[in-house]
Protein chains: 2
Amino acid sequence: MRESRVSERDRKIKEKKERLKSFLKEKGLKSTRQRALIVNEFFKADEHVTAEDLYKKISRKHRDIGLTTVYRTLKLLTQSGLATESVFADNLTRYEPLSADDHHDHLICLHCGSITEFENPKIERLKERIAGEFGFIPVSHKMELYGYCNACRENAQSL
Amino acid sequence: MRESRVSERDRKIKEKKERLKSFLKEKGLKSTRQRALIVNEFFKADEHVTAEDLYKKISRKHRDIGLTTVYRTLKLLTQSGLATESVFADNLTRYEPLSADDHHDHLICLHCGSITEFENPKIERLKERIAGEFGFIPVSHKMELYGYCNACRENAQSL
DNA sequence: CTCTAATTGAAAATGAATTTCAATTTCCTT
DNA sequence: AAGGAAATTGAAATTCATTTTCAATTAGAG
C-alpha cells in the first residue's frame, strides 16, 4: 500500500522530468547536471518553496550550485508548464509543482505560514458569473484565504 | 443631480479627513501640510494608485513633497483604516480608499490594466464553506479575476 | 573530436520600499 | 506669544528579492 504509493509518486516525477527534457530539446536548450539536481530537489520537496528555500536545501549536499541558477531553473520550469509561481502576503515568489492542467487556490495560515491547496468548482462558476456581470472575459483567477489552520487552532489557547 | 452627487462625494472626503485627524491626534502624531496635500490628492484620485503614481500627480503642483513622505502617508492611511493595500500581478503595491468596512475584490484587465472593484456575498459564503472543510478559521481573503474588460473586448478585433 | 551556442556562478545592477539623519515644523506647555 | 520636546520632512543611503552581465565552462550536434 505505502509501497505502491511511493513508486506512483516516483513514476510521476520521472514523467515530469521527461516532459522537461522534451521542452528543453524543443527549445534548443541543454540538459545540465545543475538543472537535473535542482529539478529533482524541487519535485522531491513537493511544497511551496522560494528560490532561496530550494537553494538552501540543495546547498547542503552540493556546494557548487548557484542561487542564480536556481532562479533560472525555476523560471524554466514555469515556462514549460511544470511549475507555477504564486506570491502571497509576504511578497516572496513561491514555486509549486504543477501537474498537467489543474487549477487550485490556497489557504494560508497566519500563524505558522503553512500553505494548503484546495480546488473548488464553485469558484469557477462564480468567476464566470461575476465576469459576466461586468462584460469581462475571464482568463484566470487567484484566490487566497488567510486565517488559522487546524493545527494552530488546536495548539493555541488564545486564538 | 450631478451637482448633488459631487457635493456628496466632497462630503465623504471631508469626513475621511476628519477621521484621519482623529487618528493622528489619538496616536500623538501631527497634522502637516504635506500629509494634507497627499491625502487630498489620494481621495481625489479615487483609483488604485501606487506611491509613485500619487507622487507624480502631486509633483506637478508641488515640487517640494518627497516620494518618501508619500510612502509614509499611504502607510498611515492604511493603519488608520482609510485605505488598503493590494498587490496584483505586476507586484507593485497599490492603495485604494476604503470606506468603513467594505470588502471588495478585483477584476484586472490584462490588456489595459484597468482595475474594477466588485463585491459578492457568495464569495463570503464560499469562503466559510471551504475553510470549514479544512478546519480552517478564515480571517480574510483575496480574490482577483484576470481577463479582458468590456472596453478592450469591444475595441479589439483579435481578442 | 570540434566548434558553436548555451550555461554557469559570482558579482554587479535593478527597482520598489524602508531606514537614517540632520534640519525643520508642529503643537503642547507656560 | 514664546519655548522646547517630539514628530516630521526630504535626500541619500540601505535593504532585499530578483535579474542582468560577463568571462569561463560545458553540452551536444555534426
Side-chain angles (χ1 to χ4, degrees), chain A residues 17 20-42 48-59 61-80 83-95 113, chain B residues 17 20-42 48-56 58-80 83-95 113:
Chain A
K17 288 196 235 169
L20 179 63
K21 216 173 191 173
S22 315
F23 174 82
L24 292 175
K25 186 167 283 178
E26 195 180 300
K27 297 269 177 183
L29 306 176
K30 293 171 180 171
S31 297
T32 64
R33 186 180 59 90
Q34 291 91 330
R35 284 179 181 166
L37 276 166
I38 294 167
V39 166
N40 239 339
E41 203 66 38
F42 175 65
H48 301 72
V49 292
T50 64
E52 191 79 37
D53 289 343
L54 195 55
Y55 171 67
K56 278 182 190 151
K57 264 179 219 264
I58 293 167
S59 295
K61 299 208 164 184
H62 306 275
R63 213 63 48 70
D64 60 334
I65 304 283
L67 174 57
T68 311
T69 304
V70 175
Y71 270 105
R72 286 191 278 226
T73 304
L74 287 172
K75 200 115 269 179
L76 222 48
L77 281 167
T78 304
Q79 285 161 17
S80 69
T84 30
E85 300 181 335
S86 342
V87 181
F88 304 116
D90 64 4
N91 247 40
L92 299 180
T93 302
R94 264 165 245 276
Y95 293 83
Chain B
K17 287 196 235 170
L20 178 63
K21 216 173 190 173
S22 315
F23 175 82
L24 292 174
K25 187 166 281 176
E26 195 181 300
K27 296 271 179 182
L29 305 176
K30 292 170 182 172
S31 296
T32 65
R33 185 179 61 90
Q34 291 91 330
R35 284 180 181 164
L37 275 166
I38 293 166
V39 165
N40 239 339
E41 203 66 37
F42 175 65
H48 301 72
V49 293
T50 63
E52 192 78 39
D53 288 343
L54 195 55
Y55 172 68
K56 278 181 190 151
I58 293 168
S59 295
R60 288 208 279 274
K61 299 208 167 186
H62 306 276
R63 213 63 49 69
D64 60 333
I65 303 284
L67 175 57
T68 312
T69 305
V70 175
Y71 270 106
R72 286 191 278 226
T73 304
L74 287 171
K75 200 114 270 176
L76 223 48
L77 281 167
T78 304
Q79 284 161 16
S80 68
T84 29
E85 300 181 335
S86 342
V87 181
F88 305 116
D90 64 4
N91 247 39
L92 298 180
T93 302
R94 264 166 245 275
Y95 294 85

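Numbers restart at 1 for each chain; the letters A, B, ... are given by sequence-line order, proteins then strands.
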Could you work out, with side-chain hydrogen bond (donor to acceptor under 3.5 Å, both in side chains) as the rule, every residue matching B/S80, not counting sequence neighbours?
none

Measuring from the side chain of A/T32 (C-beta onward, heavy atoms only), which nucleotide among D/dT8, C/dT8, C/dC27 has the closest atom?
C/dT8

Return the set of residues passing side-chain hydrogen bond (donor to acceptor under 3.5 Å, both in side chains) with A/T93 (not counting sequence neighbours), or none when no residue passes.
none

Proximal nucleotide (of C/dT8, C/dC27, D/dT8) relative to the B/S31 side chain
C/dC27

Rounded to the nearest Å, what distance is computed from the CG atom of residue B/D64 to the C1' atom of nucleotide D/dT9?
10 Å

Roughly, in whole Å, what's the span from CG in A/D90 to C1' in C/dA17?
15 Å

Is any side-chain heavy atom of A/Y95 closer than 4.5 Å to one of A/L77?
no

Hey, which sits more toward the 5' end of DNA chain D by its nearest nucleotide, B/L29 or B/R63?
B/L29

Are any protein N/O atoms closer than 3.5 Å to N/O atoms in nucleotides 2-6 of chain D? If there are, list each pair with its distance.
{"residue": "D/dA6", "atom": "N3", "partner": "B/K30", "partner atom": "NZ", "Å": "2.8"}

Looking at A/R35, I'd like to know whether one of its side-chain N or O atoms comes within less than 4.0 Å of OP1 or OP2 on C/dT8.
yes

Close N/O contacts between protein and nucleotides 16-20 of chain D (under 3.5 Å):
{"residue": "D/dT18", "atom": "OP1", "partner": "A/T93", "partner atom": "N", "Å": "2.9"}
{"residue": "D/dT18", "atom": "OP1", "partner": "A/T93", "partner atom": "OG1", "Å": "2.9"}
{"residue": "D/dT18", "atom": "OP2", "partner": "A/Y71", "partner atom": "OH", "Å": "2.7"}
{"residue": "D/dT18", "atom": "O5'", "partner": "A/Y71", "partner atom": "OH", "Å": "3.4"}
{"residue": "D/dT19", "atom": "OP1", "partner": "A/K75", "partner atom": "NZ", "Å": "2.9"}

Starting from P on D/dT9, measure out to CZ on B/R33 and report it in whole angstrom.
10 Å

Which atom pair, heavy atoms only, marks the closest approach of A/L76 to A/F23?
O-CE2, 4.1 Å

According to ring pair (Phe, Tyr, Trp, His ring centres under 6.0 Å), who are the partners of B/F88, at least two apart in sequence or on a separate chain?
B/H106

How many Å lie between CG on A/L37 and P on C/dT7, as a whole number?
16 Å

Quick one: B/K25 NZ to C/dC27 P, roughly how many Å, whole number?
9 Å

For B/K21, check side-chain contact (heavy atoms from CB on, under 4.5 Å) against everything at least two apart and list the hits.
B/E18, B/S31

Enumerate the salt bridge (charged side-chain N to carboxylate O under 4.0 Å, His left out) contacts for residues 23-39 of chain A, please, sequence neighbours excluded, ordered by first and then second residue.
A/R33-A/D64

I need the CG-P distance between A/L74 and C/dT8, as an integer number of Å.
12 Å

So, using side-chain contact (heavy atoms from CB on, under 4.5 Å) as the criterion, who are the partners of A/E41 when residues are at least two apart?
A/K44, A/L54, A/K57, A/I58

Quick one: salt bridge (charged side-chain N to carboxylate O under 4.0 Å, His left out) pairs with a partner in residues 84-93 of chain B, sequence neighbours left out?
B/K75-B/E85, B/D90-B/R94

Here the distance between atom P of C/dT25 and atom CD of B/Q34, to the nearest Å, is 9 Å

